[in-house]
Amino acid sequence: MAAIARFQFLQPYPISKPSAFFSKIRQTSPSFSSFSSTKPCRIHFRKFSVTSPLCSSSGSIPEFPESSESSTSIVGDLLDYLNESWTQFHATAEAKRQLIAAGFHLLKENEKWDLQPGGRYFFTRNMSSLVAFAIGKKYSIGDGFHVIAAHTDSPCLKLKPKSASTKSGYLMVNVQTYGGGLWHTWFDRDLSVAGRVILRDDDGSFLHRLVKITRPLLRVPTLAIHLNRTVNQDGFKPNLETHLIPLLATKTENATADSTEKSNVSSSKDVHHQLLLKNIVHFKDNQLKHRAIAVSSLQKQMHQISSDHTLDDGEAGSSLDSRFSVDSILSDELSCKIEDIVSVELNICDTQPSCLGGANNEFIFSGRLDNLASSFCGLRALVDSCALPEDLSNENSIRMIALFDNEEVGSDSCQGAGAPTMFEAMRRITDCLSHQSAGETDFARAIRHSFLVSADMAHGVHPNFVDKHEEHHRPELQKGLVIKHNANQRYATSGITSFLFKEVARLHSLPTQDFVVRNDMGCGSTIGPILAAGVGIRTVDCGIAQLSMHSVREICGKEDVDIAYKHFKAFYQSFSSIDRKLNVD
């Protein structure tokens with residue numbers, strides 16, 4: 001939810017045993033033909049056979065009973081996505097990888113587009129936002145867009161431009177808060193860093209690289225109760241500027257020398273601890289030396305994402321698992337000098353892996369559920385709704401997903417929902433398919449036929465704080481998507497949009513719930529009202545119910561993830577026929 005904010009983190013510890021859960025999920029590889037090419041290719045779902053995201057931090061592997069629905073559940077894939085996506089950059093890069101593997105074609109915003117009915121395309125902006133779309137084969141100018149919109153960012157701590165500091169013999173890392181997180185939950189957690197760096201290449205050019213250090217590097221220690229006797233009575237009220245500073249290491253003579261070292265080359269080592277930078281650049285991927293490229297038909301497309309290489313720390317002193325990625329396959333090893341780092345943009349991340357929990361393994365325990373759970377369900381629904389050429393044969397609309405950055409801080413950025421990214425894409429698509437500049441009436445007609453699902457996590461009723469919810473609107477976990485209503489337009493849902501979205505659920509026997517905030521409490525918001533007001537697109541706000549929103553560790557129901565995926569997929573597949581049955585104006 002926008003006005004409150006979320007958090008960002010995560011990736012599992014190395015575990016040598018394969019997941020028992022994934023051993024029971026049938027790995028499917030449905031074939032399809034690339035819609036804009038005559039060469040056939042095949043979808044291959046990503047397999048993580050070493051690290052088990054379903055394991056608890058103790059390393060034990062839970063056993064799951066056989067289920068007739070196990071082969072259709074996306075929960076395991078969501079856990080992979082969460083563990084891969086520590087930052088908004090990684091979430092976008094992983095979505096990009098999955099789209100390319102599914103046969104979507106990468107577009108560049110600064111290049112000319114050549115689009116065709118039946119084609120599937122996508123583009124990224126800032127490597128933190130993404131728009132993907134599939135064009136119905138029966139599309140004609142003026143037909144609408146059916147969109148699911150979510151966001152990739154979550155509340156987190158970010159490194160300040162000058163992060164290096166020392167206190168009382170410790171090397172500290174200066175951070176700033178991003179969004180409205182529950183910051184007390186970040187204390188006493190095993191933390192690390194992830195994000196992106198800009199490197200200076202040998203030829204003088206610059207390289208954009210993603211980086212992720214999977215082992216614990218940092219910690220924000222709490223003050224012992226012996227030195228803060230009244231904390232349980234007065235509450236824990238840390239000063240976010242002075243108390244929320246992660247500890248990196250003890251100060252040594254070498255570290256002191258490093259911090260005073262001068263360089264003629266401008267680099268990040270002047271403002272960040274060299275010890276931190278060494279952990280970033282000291283990457284050696286031995287796990288991938290014996291891995292072959294599984295999808296040879298996609299090799300030509302793989303080079304398109306070579307600029308988004310994800311670096312995983314491989315020097316943890318143990319058998320650290322190197323997560324499978326296309327870029328890692330293309331390069332067995334990658335290293336650089338500290339002087340080559342000219343810019344960094346890093347988040348502080350929690351290292352505990354996403355996993356299933358609860359007595360019946362019915363919960364998902366993870367960071368960044370708000371809002372990567374919505375992002376993944378929407379992404380997967382789009383991919384699966386048009387996996388085969390015939391899936392779009394009778395479609396006259398354009399199916400789209402838009403993933404934005406900076407929702408947690410208001411969306412007013414180049415890569416946020418406040419920018420005209422999605423609507424510029426819609427107009428550009430309309431122009432391309434009309435083979436000329438579409439008139440104002442053509443685009444206006446398309447918008448009138450369009451519908452937007454704003455997908456953002458919802459507040460499930462808390463068993464210990466039931467009175468915080470309006471008596472008759474208390475969403476529960478495992479009971480389906482929550483439709484959000486607010487008379488003051490903090491949510492964009494109307495009676496019409498709510499009915500249409502619920503009708504999709506009714507036709508597919510899917511449950512839904514309703515949420516209204518209490519009159520004596522403030523209401524958060526989403527990107528829904530921002531996008532709805534942008535050009536007047538019909539919008540419904542919905543989300544998966546969760547607990548601990550904006551904590552470093554959140555909770556949602558396993559069943560709700562599959563329900564959301566099915567609801568979103570049904571929206572893509574059946575909304576056109578439902579919408580034709582209702583005439584309002």
Side-chain angles (χ1 to χ4, degrees), residues 32-39 41 92 95-96 98-100 102-127 129-149 300-301 304-305 378-379 381-383 385-404 414-415 417 419-453 531 534-538 572-573 575-576 579:
F32 69 96
S33 297
S34 179
F35 292 177
S36 63
S37 171
T38 59
K39 297 182 178 180
C41 54
T92 304
K96 179 178 182 179
Q98 292 188 22
L99 288 167
I100 289 178
F104 281 69
H105 297 275
L106 176 63
L107 303 172
K108 299 289 186 180
E109 285 191 279
N110 58 357
E111 295 178 358
K112 185 178 179 180
W113 292 359
D114 181 17
L115 310 179
Q116 299 295 330
R120 301 171 298 168
Y121 310 91
F122 77 99
F123 66 86
T124 65
R125 177 180 289 188
N126 189 52
M127 195 43 62
S129 63
L130 176 148
V131 175
F133 55 95
I135 306 170
K137 288 189 176 181
K138 291 187 177 180
Y139 173 85
S140 61
I141 300 303
D143 287 337
F145 295 80
H146 298 162
V147 190
I148 295 175
K300 292 184 179 180
Q301 296 178 5
Q304 295 174 328
I305 60 173
L379 176 71
L382 175 64
V383 169
S385 73
C386 55
L388 302 173
E390 55 266 28
D391 291 337
L392 296 173
S393 59
N394 293 316
E395 181 63 83
N396 64 341
S397 69
I398 297 175
R399 301 171 184 176
M400 176 180 284
I401 186 169
L403 306 180
F404 297 101
C414 175
Q415 56 274 1
T421 310
M422 188 180 78
F423 298 115
E424 286 179 350
M426 289 177 168
R427 181 178 291 278
R428 192 168 180 179
I429 293 167
T430 303
D431 289 348
C432 287
L433 294 175
S434 67
H435 304 292
Q436 58 185 1
S437 179
E440 289 295 328
T441 58
D442 294 328
F443 184 65
R445 287 191 297 119
I447 294 299
R448 297 291 78 75
H449 285 119
S450 298
F451 193 94
L452 173 73
V453 176
L531 296 173
V535 292
I537 187 173
R538 295 175 297 168
Y572 283 131
Q573 294 175 329
F575 186 79
S576 293
D579 195 30

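- Residues satisfying the side chain to side chain contact (heavy atoms under 4.5 Å, CB included) criterion with A381, sequence neighbours excluded, are Y565, F568, K569, Y572.
- Here the side chain of R448 pairs no donor or acceptor atom with the backbone of G144 at under 3.5 angstrom.
- Side-chain contact between L106 and F122 is present, with heavy atoms from C-beta onward closer than 4.5 Å.
- The backbone N or O of C386 sits less than 3.5 Å from a side-chain atom of R120, completing a donor-acceptor pair.
- In this structure, Q98 and V383 have side chains that are not in contact, with every pair of non-hydrogen atoms separated by 4.5 Å or more.
- Once rounded to the nearest 0.5 Å, the distance linking CD1 of I447 with CZ of F423 reads 6.0 Å.
- Taking 4.5 Å as the limit, every side-chain heavy atom of V147 sits out of range of all side-chain heavy atoms of L531.
- For the pair Y139 and T430, the minimum side-chain heavy-atom distance is below 4.5 Å.
- Residues D442 and R445 are paired through a salt bridge, judged by an N-O separation under 4.0 Å between the basic side chain and the carboxylate.
- Residues L130 and A95 come closest through the heavy atom pair CD1-CB, 4.0 Å.
- For the atom pair L392 CG and Q573 CD, the distance stands at 10.0 Å (nearest 0.5 Å).
- Classification of R538 and D579 as a salt-bridged pair holds, one side-chain N sitting under 4.0 Å from a carboxylate O.
- By the 4.5 Å heavy-atom criterion applied to side chains, F145 and L452 are not counted as neighbours.
- Residues that satisfy the ring-ring contact (aromatic ring centres under 6.0 Å, His included) test with F575, not counting sequence neighbours, are H146, F451, F571.
- How far NE2 of H449 is from CD1 of I537: 12.5 Å, rounded to the nearest 0.5 Å.
- Between atom CE of residue M400 and atom CG of residue L382 there is a gap of 9.5 Å, rounded to the nearest 0.5 Å.
- The two residues G378 and I401 have their closest heavy-atom pair at C-CD1, 3.2 Å.
- Residues L433 and I141 meet the side-chain proximity criterion, which asks for heavy atoms closer than 4.5 Å.
- Side chains of N396 and S576 form a contact here, defined as non-hydrogen atoms less than 4.5 Å apart.
- The distance from the OG1 atom of T92 to the CZ atom of F404 is 11.5 Å, given to the nearest 0.5 Å.
- F133 meets the ring-ring contact (aromatic ring centres under 6.0 Å, His included) test with Y121; sequence neighbours excluded.
- Summarising the geometry, atom CD belonging to E109 is positioned 8.0 Å from atom OG1 belonging to T124; distances are rounded to the nearest 0.5 Å.
- Heavy-atom minimum distance, M422 versus A402: SD-CB, 3.9 Å.
- Looking at heavy atoms from C-beta onward, W113 lies in side-chain contact with I429 at the 4.5 angstrom threshold.
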